[in-house]
Peer 1: 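Here it is, the structure in full.
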Amino acid sequence: MNWCPSCKTVLANEQVEGGACERCGTMVEQRFLEQWFFNISKYAPRLLENLNTLDWSATTKQAQRNWIGRSDGARLRFPVLDPLADAGSSAVSVTTEVRTGGTNIEVFTTRPDTIFGATYLVLAPEHPLVDALTTPMQDGVVREYRARASKQDLVSRKTSKEKTGEFTGSYAVNPATGEMIPIWIADYVLMEYGTGAIMAVPGHDERDFEFATKFELPIVRVVAGEGQTAKTPLGDEAYVGDGVLVNSEQFDGLSVDDAKVKVTAWLTSRHAGEAVTNYRLHDWCISRQRYWGPPIPIVYCDSCGTVPVPESQLPVLLPNIPDFKPDDSGVSPLARHEEWYHTPCPRCGKQARRETDVSDTFLDSAWYFLRYPSVGRDDIAFDAATTKKWLPVTTYIGGNEHAVLHLLYSRFITMVLHDAGLLGFEEPFTKFRAHGLIIREGAKMSKSKGNVVNPDEYIDKWGADSFRTYLMFLGPFEEGGDFRDSGISGVKRFLDRLWIAVRDRDESAAPDAEVMRKLHATIKKVGEDVPALSYNTAIAAMMEYMNVLRKGERTPARGEVEPLVQLVAPFAPHIAEELWTMLGHATSVFDSRWPTFDASLLASDEIELVVQVGGKTRGKVLVPKDVTQDAALAAAKADPAIGKFIIGEPKKVILVPGRLLNVVV
RNA sequence: GCCCGGGUGGCGGAAUGGUAGACGCAGGGGACUUAAAAUCCCCUUUCCGCAAGGAAGUGUGGGUUCGAGUCCCGCCCCGGGCACCA
């Protein structure tokens with residue numbers, strides 16, 4: 001288990017980032033503890049598959065794909081040679097009369113095509129077969145190696161790439177070649193992934209190559225790349241590229257991809273293995289050695305064993321205790337509370353003991369969206385009709401730091417509840433967008449970097465509306481951006497000008513046609529940008545309109561400025577509400593309709609047509625919006641600044657209606 | 001190493017294959033003012049030129065196209081995810 005010595009609790013794999021606790025940054029240790037898990041790994045294929053149907057930020061989906069970590073390959077069985085009969089003999093062909101002890105070593109590989117090059121096996125030091133496989137002669141060194149590996153924490157073990165290992169003294173049979181190959185243990189093989197054992201193909205795997213070189217194990221080429229043959233020496237590194245099989249008997253000449261399928265089929269027919277898909281996603285450890293949290297509703301009874309607390313007795317409430325601080329024992333503070341700890345067994349009524357761990361807080365946040373619409377109901381978790389009306393969540397915006405935490409857990413819980421018939425959907429968040437990170441002084445804001453911004457100071461100085469609008473303006477929402485103090489003044493100035501425009505408006509003046517054209521273009525632009533989360537360009541469009549509205553300190557007509565207040569409202573709600581009141585409305589701006597635009601106002605009869613000659617922009621001409629190609633060309637020739645570039649008969653003329661004319665000469 | 005993003009003025013950033021640099025910051029000049037602040041107007045990619053004008057230009061090298069920041073191929077750099085995962 002991952003143990004955080006600072007938080008004094010175990011952590012799920014998802015809550016360990018680069019070997020450190022997700023919450024406090026302390027390096028985690030490894031401890032052996034019995035814990036409760038949710039079987040999320042069973043859902044790995046679905047969690048992965050469904051990603052293709054979700055409208056989520058690409059980065060978030062990719063993070064989940066990486067975390068789930070699908071790999072297609074094969075599980076292969078290597079029979080172990082009877083250690084008494086064959087120990088000590090050198091690698092000889094034993095195709096006939098293989099005497100095996102009946103044990104098999106199962107390995108997972110993504111390269112079944114290279115099995116003819118598997119010259120040894122490696123087990124993780126913790127592999128359950130190690131004891132049985134270790135010969136008396138090797139017992140000392142193996143025992144010592146395992147002890148050393150167990151003491152070393154997982155982080156340094158995973159990061160130090162220096163290969164170490166010991167020979168067990170036993171041999172297995174390569175099911176393809178029939179040759180006997182030595183069985184080693186080494187800490188570069190991890191018990192927690194695959195079967196905890198690998199077939200080593202040093203010719204075509206960098207790690208195996210390094211190990212084989214160090215311990216002088218045989219290296220065989222079984223794949224030949226372009227310009228290589230079966231005899232081409234491997235040199236000083238493994239060949240991991242594509243190619244065709246060599247030194248692989250009947251499979252020689254097949255491509256790597258073909259051979260993966262055919263070798264697996266062949267081994268399957270010989271009962272030596274089968275194709276499998278492996279995932280790196282582990283089960284979710286939900287036990288926590290804390291006080292605050294929902295107790296895991298399990299009772300341990302000497303007669304009945306592990307008994308779940310029946311539904312009628314749920315929830316198990318926390319006892320009110322003064323000493324709720326966790327300690328380093330690995331046991332929850334609840335265990336110190338005798339009265340609570342001892343409870344009758346729900347099944348037989350005899351004295352029994354409660355589970356003292358509480359569940360991970362991520363379990364709570366994994367279903368809060370189900371609870372929220374039904375908070376009015378105390379009798380049930382969530383009401384079916386209400387849930388059907390409001391869920392799944394249409395659009396969810398959050399941080400990518402939850403990609404493999406909250407967002408993965410929520411999907412899993414939703415799937416489980418769906419399968420239990422409690423929900424009509426199996427994905428909780430139809431659309432998810434990850435907001436970007438705000439960068440300041442060249443780094444993402446963090447307490448340790450000392451570059452965090454306290455919003456209160458900015459709100460005091462600039463106002464909440466300015467601060468909020470600035471955050472939306474400083475860069476694309478999904479990419480984040482640079483927070484620079486100097487940038488706020490522009491947004492503040494915009495809101496000030498809006499205030500003045502409303503205050504000084506002319507109630508009787510008729511709106512100007514050109515201004516109204518711009519207004520309608522702005523309504524259109526903002527209306528399109530907001531759902532696309534392009535807040536920065538929406539604000540820019542409103543600023544642009546403000547420049548037109550207040551050009552030369554003109555006094556705007558009411559009809560020119562009133563809709564702008566509605567457009568601004570989602571960005572700067574306080575000032576918008578106040579301005580709306582100033583405009584004489586008795587109800588909230590948020591109860592007013594979103595302004596609509598008149599498309600017929602947007603187009604004018606004459607347009608500026610950009611003229612290119614040979615692809616280079618040479619100027620523009622004013623033409624009717626539905627100008628013909630010939631008329632446009634004539635207009636271009638008539639313009640002296642453009643005409644001088646049009647020498648001779650045009651070879652080709654391209655007119656992009658309403659936009660551009662390109663004359664190729 | 002693998003997989004995602006991204007690379008555009010002094011800066012933050014705009015650009016359905018069609019005027020690169022919208023909008024904002026910073027900078028310069030001007031109007032108003034006794035003055036300052038505020039407000040308003042103009043300029044501000046680089047190079048050549050007094051100017052008119054011209055040339056170059058979106059990390060880099062090629063390619064497709066009448067036309068490429070945008071599409072395709074190779075490379076470099078930055079940010080993020082995964083990583084002794086077989």
Side-chain angles (χ1 to χ4, degrees), chain A residues 17-18 57-69 71 73 107-111 114 122 124 157-163 186-190 192-201 204-208 210-211 240 278-281 400-401 403-404 434 436-437 439 443-444 470 473-476 478-491 493-494 496-497 500 534 536-547 550-554 608-620 641 650-656 658-665:
Chain A
E17 293 173 349
S57 292
T59 50
T60 316
K61 287 212 242 188
Q62 200 55 38
Q64 290 206 351
R65 282 197 192 100
N66 287 343
W67 188 259
I68 295 167
S71 50
V107 303
F108 173 73
T109 179
T110 55
R111 295 295 303 274
T114 61
V122 188
R157 175 171 155 185
K158 281 184 176 180
T159 46
S160 118
K161 308 268 171 176
E162 177 65 25
K163 296 283 176 293
D187 67 2
Y188 81 94
V189 174
L190 308 172
E192 73 226 38
Y193 185 77
T195 61
I198 62 156
M199 66 173 201
V201 185
H204 305 285
D205 181 282
E206 286 164 13
R207 298 151 300 181
D208 298 342
E210 202 185 316
F211 191 82
V240 295
N278 200 45
Y279 297 87
R280 67 175 287 293
L281 178 69
N400 239 350
E401 67 273 16
V404 298
L437 291 177
I439 302 297
K444 81 171 183 187
Y470 173 61
F473 181 65
L474 61 73
E478 288 174 77
E479 283 164 40
D482 257 40
F483 187 96
R484 281 158 49 255
D485 291 17
S486 60
I488 305 181
S489 62
V491 171
R493 196 165 298 140
F494 166 68
D496 284 346
R497 296 173 81 198
I500 291 163
S534 300
N536 56 334
T537 52
I539 293 163
M542 291 187 285
M543 288 173 163
E544 224 176 302
Y545 178 58
M546 180 62 72
N547 289 340
R550 297 261 302 143
K551 179 93 176 168
E553 293 181 302
R554 73 186 283 277
E608 279 190 331
L609 193 69
V610 173
V611 182
Q612 295 183 342
V613 180
K616 285 185 191 236
T617 303
R618 294 301 183 183
K620 47 197 173 187
K651 270 195 223 145
K652 192 169 179 182
V653 180
I654 295 129
L655 177 73
V656 182
R659 280 187 174 274
L660 166 142
L661 179 78
N662 189 9
V663 186
V664 185
V665 293

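Here the structure is a predicted model, which means the values were calculated and not measured. Protein chains get the first letters and strands the later ones, always in sequence-line order, with residue 1 at the start of each.
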Peer 1: Check whether any side-chain nitrogen or oxygen of Ser71(A) sits under 4.0 Å from OP1 or OP2 of A86(B), and answer yes or no.
Peer 2: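 The answer is yes; a side-chain N or O of Ser71(A) sits under 4.0 Å from OP1 or OP2.
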Peer 1: Give the rounded distance in Å between these two atoms: OH of Tyr193(A) and P of C82(B).
Peer 2: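 Those two atoms, OH and P, are 15 Å apart.
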Peer 1: Under 4.0 Å between any heavy atoms, over every strand shown, what does Gly69(A) touch: base, sugar-phosphate, or nothing? Just pick one.
Peer 2: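 No contact.
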Peer 1: Quickly work out the Asp482(A) CG to G24(B) C1' distance and round it to whole Å.
Peer 2: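 Those two atoms, CG and C1', are 14 Å apart.
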Peer 1: Of the nucleotides C84(B), A26(B), A86(B), which one has an atom closest to the side chain of Tyr188(A)?
Peer 2: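 Between C84(B), A26(B), A86(B), the one nearest the side chain of Tyr188(A) would be C84(B).
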Peer 1: If the cut-off is 4.0 Å, is Arg497(A) near the phosphate of C40(B), judged by side-chain N/O to OP1 or OP2?
Peer 2: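 So the side-chain polar atoms of Arg497(A) do come within 4.0 Å of the phosphate oxygens OP1 or OP2 of C40(B), strictly under.
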Peer 1: Between Val491(A) and Pro476(A), who's closer to the 5' end of RNA chain B by nearest nucleotide?
Peer 2: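 Nearest nucleotide further toward 5': that of Pro476(A).
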Peer 1: Determine the interatomic distance between P on G9(B) and the same-named atom on G59(B); round to the nearest Å.
Peer 2: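 G9(B) and G59(B) have their P atoms separated by 8 Å.
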Peer 1: Of all the choices, A26(B), C40(B), A86(B), which nucleotide is nearest to the side chain of Ser489(A) once you look at every atom?
Peer 2: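 Nearest nucleotide to the side chain: A26(B).
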Peer 1: Counting C-beta onward and ignoring hydrogens, is there a side-chain heavy-atom pair between Thr114(A) and Asp205(A) closer than 4.5 Å?
Peer 2: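 The answer is no, as the side chains (C-beta and beyond) never meet within the 4.5 Å cut-off.
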Peer 1: Select one nucleotide: of C66(B), G24(B), C82(B), the one nearest the side-chain heavy atoms of Asn662(A).
Peer 2: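 The nucleotide sitting nearest to the side chain is C66(B).
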Peer 1: May I ask you to decide if the ring planes of Phe108(A) and Tyr193(A) are parallel, tilted or perpendicular, using 30° and 60° as cut-offs?
Peer 2: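 Taking Tyr193(A) first and then Phe108(A), their aromatic rings stand perpendicular (interplane angle over 60°).
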Peer 1: Are any of Lys61(A)'s side-chain N or O atoms less than 4.0 Å away from OP1 or OP2 of G5(B)?
Peer 2: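 For G5(B), OP1/OP2 do not have a side-chain N/O of Lys61(A) under 4.0 Å.
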Peer 1: If I take atom CG from residue Asp208(A) and atom NZ from residue Lys163(A), how far apart are they, to the nearest 0.5 angstrom?
Peer 2: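 The distance works out to 8.5 Å.
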Peer 1: Over how many whole Å does the gap from Leu660(A) atom CG to G18(B) atom P extend?
Peer 2: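 Going from Leu660(A) (CG) to G18(B) (P), I get 9 Å.
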Peer 1: How is Gly481(A) classified with respect to the nucleic acid when contacts are heavy atoms under 4.0 Å: base, sugar-phosphate, or nothing?
Peer 2: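 The answer is sugar-phosphate, as Gly481(A) gets under 4.0 Å only of primed atoms, P, OP1 or OP2.
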Peer 1: Counting Watson-Crick and G-U wobble pairs with both distances under 3.5 Å, what is the dot-bracket string for RNA chain B, 5' to 3', using [ ] for crossing pairs and | for pairs to another strand?
Peer 2: (((((((..(((.....[....))).(((((.......))))).((((....))))..(((((..]....))))))))))))....
Peer 1: From the set A20(B), C82(B), G18(B), return the single nucleotide nearest to any side-chain atom of Asn66(A).
Peer 2: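 It is C82(B).
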Peer 1: Compare side-chain N and O positions of Lys551(A) against OP1 and OP2 of C42(B) and report whether any pair is under 4.0 Å apart.
Peer 2: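 Answer is yes, contact under 4.0 Å.
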Peer 1: Is there side-chain contact between Lys652(A) and Asn662(A), with at least one heavy-atom pair below 4.5 Å?
Peer 2: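 Answer no - side chains too far apart.
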Peer 1: Using a cut-off of less than 4.0 Å, is there contact between a side-chain N or O of Arg111(A) and OP1 or OP2 of A86(B)?
Peer 2: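 Answer is no, no contact under 4.0 Å.
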Peer 1: From the options A86(B), C25(B), G81(B), select the nucleotide whose nearest atom is closest to the side chain of Ala63(A).
Peer 2: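 Nearest listed nucleotide: G81(B).
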Peer 1: Would you say Ser57(A)'s side chain and Thr59(A)'s backbone share a donor-acceptor pair under 3.5 angstrom?
Peer 2: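 Answer holds: no.
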Peer 1: Using atom CZ of Arg65(A) as one end and atom P of G5(B) as the other, report the distance to the nearest whole Å.
Peer 2: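 Computing the Arg65(A):CZ to G5(B):P distance gives 10 Å.
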Peer 1: Grab the CZ-P distance between Phe494(A) and U39(B) for me, whole Å please.
Peer 2: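 Computing the Phe494(A):CZ to U39(B):P distance gives 14 Å.
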Peer 1: So, taking the atom named CG in Leu655(A) and the one named CG in Leu609(A), what distance separates them when rounded to the nearest 0.5 Å?
Peer 2: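 Leu655(A) atom CG to Leu609(A) atom CG measures 6.0 Å (nearest 0.5 Å).
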Peer 1: Take atom CD1 of Ile654(A) and atom P of A68(B), then tell me their distance rounded to the nearest Å.
Peer 2: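 Computing the Ile654(A):CD1 to A68(B):P distance gives 12 Å.
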Peer 1: Could you work out the separation of G67(B) and G18(B) based on their P atoms and round it to a whole Å?
Peer 2: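 These two P atoms come out 15 Å apart once rounded.
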Peer 1: Among A86(B), A83(B), A22(B), which is the nearest nucleotide to the side chain of Trp67(A)?
Peer 2: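 Within the option list, the nearest is A83(B).
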Peer 1: Any idea if G9(B) is syn or anti, going by the 90°-from-0 cut?
Peer 2: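 G9(B): syn.
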Peer 1: Can you tell me if Thr617(A) touches the phosphate of A20(B), counting only side-chain N or O atoms and a distance under 4.0 Å to OP1 or OP2?
Peer 2: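 Looking at the OP1 and OP2 atoms of A20(B), one of them is under 4.0 Å from a side-chain N or O of Thr617(A).
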Peer 1: Taking atom C1' in both G53(B) and A36(B), what distance in whole Å separates the two?
Peer 2: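 Per the computed distance, 42 Å lies between those C1' atoms.
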Peer 1: Measure CD/Glu206(A) against P/G1(B) and give the value in whole Å, please.
Peer 2: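 The answer, rounded to whole Å, is 10 Å.
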Peer 1: Return yes if the base of U19(B) and the side-chain atoms of Arg618(A) contain a donor-acceptor N/O pair under 3.5 Å, otherwise no.
Peer 2: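 Not at all, since no donor on one side and acceptor on the other fall under 3.5 Å apart.
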Peer 1: By nearest atom, which of the nucleotides A86(B), G12(B), C82(B) is closest to the Phe473(A) side chain?
Peer 2: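 My answer, after comparing the listed nucleotides, is G12(B).
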Peer 1: Under 4.0 Å between a side-chain N/O of Arg493(A) and OP1 or OP2 of U39(B), yes or no?
Peer 2: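 Arg493(A) to U39(B) OP1/OP2: side-chain N or O found under 4.0 Å.
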Peer 1: Do Val663(A) and Arg618(A) come close enough that some side-chain heavy atom pair is under 4.5 Å?
Peer 2: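 No; the side chains remain at least 4.5 Å from each other.
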Peer 1: Which is true for Gln612(A) with a 4.0 Å heavy-atom rule: it touches a base, it touches only sugar-phosphate, or it touches nothing?
Peer 2: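 Base contact - Gln612(A) has a heavy atom under 4.0 Å of at least one base atom.
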Peer 1: Give the nucleotide from the list C66(B), G18(B), A22(B) with an atom nearest to the side chain of Val656(A).
Peer 2: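 Of the candidates, G18(B) comes closest.
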Peer 1: How far apart are the C-alpha atoms of Thr617(A) and Leu660(A), what are their side-chain angles, what is the distance that settles it, and do they pass the side-chain contact (heavy atoms from CB on, under 4.5 Å) test?
Peer 2: CA-CA 10 Å; Thr617(A) 303; Leu660(A) 166 142; over 6 Å; no
Peer 1: With a 4.0 Å cutoff (strictly under), does any side-chain N or O of Asn536(A) reach OP1 or OP2 of A14(B)?
Peer 2: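 Affirmative; the distance criterion is met.
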Peer 1: Pick the C1' atom in G17(B) and in U64(B), then give their distance to the nearest Å.
Peer 2: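 Result for the C1' pair: 12 Å, nearest Å.
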Peer 1: When you compare U65(B) with U46(B), how far apart are their C1' atoms, in angstrom units rounded to a whole number?
Peer 2: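 Going atom to atom, C1' in each nucleotide, I get 27 Å.
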Peer 1: For Glu210(A), is the CD atom crowded, meaning more than 12 foreign heavy atoms sit under 6.0 Å from it?
Peer 2: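 Enclosed: over 12 neighbouring heavy atoms sit under 6.0 Å from CD of Glu210(A).
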Peer 1: Between Lys652(A) and C66(B), does any side-chain N or O lie under 4.0 Å from OP1 or OP2?
Peer 2: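 Yes, within the criterion.
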Peer 1: Grab the CZ-C1' distance between Arg659(A) and C66(B) for me, whole Å please.
Peer 2: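 Rounded to whole Å, this separation is 17 Å.
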Peer 1: Any sub-3.5 Å donor-acceptor pair from Glu478(A)'s side-chain atoms to Ala434(A)'s backbone N or O?
Peer 2: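 Answer holds: no.
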Peer 1: What distance do Thr109(A) atom OG1 and Met199(A) atom CE have between them, rounded to the nearest 0.5 Å?
Peer 2: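 Answer for the OG1-CE pair, Thr109(A) versus Met199(A), is 4.0 Å.
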Peer 1: If you check every side-chain atom of Glu553(A), which of A56(B), A86(B), C40(B) has the closest atom?
Peer 2: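 Closest nucleotide to the Glu553(A) side chain: C40(B).
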Peer 1: Taking the side chain of Thr59(A) as its heavy atoms from C-beta onward, which of A56(B), G5(B), A26(B) lies nearest to it?
Peer 2: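 Among the listed nucleotides, the one closest to the side chain of Thr59(A) is G5(B).
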Peer 1: On RNA chain B, check which nucleotide each of Thr109(A) and Met543(A) is closest to and give me the residue with the more 5' one.
Peer 2: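 So the residue in question is Met543(A).
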Peer 1: OP1, OP2 of C41(B) versus side-chain N and O of Asn547(A): anything below 4.0 Å?
Peer 2: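 For C41(B), OP1/OP2 do not have a side-chain N/O of Asn547(A) under 4.0 Å.
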Peer 1: Considering only heavy atoms and no angle criterion, is a donor-acceptor pair shorter than 3.5 Å present between the side chain of Gln62(A) and the base of G5(B)?
Peer 2: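 Flag unset: no donor-acceptor pair detected.
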Peer 1: Is any side-chain nitrogen or oxygen of Arg484(A) closer than 4.0 Å to OP1 or OP2 of G13(B)?
Peer 2: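 Result: no.
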Peer 1: For the C1' atoms, the ones on A14(B) and on C25(B), what distance do you get once it is rounded to whole angstrom?
Peer 2: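 Each nucleotide's C1' atom is 15 Å from the other's.
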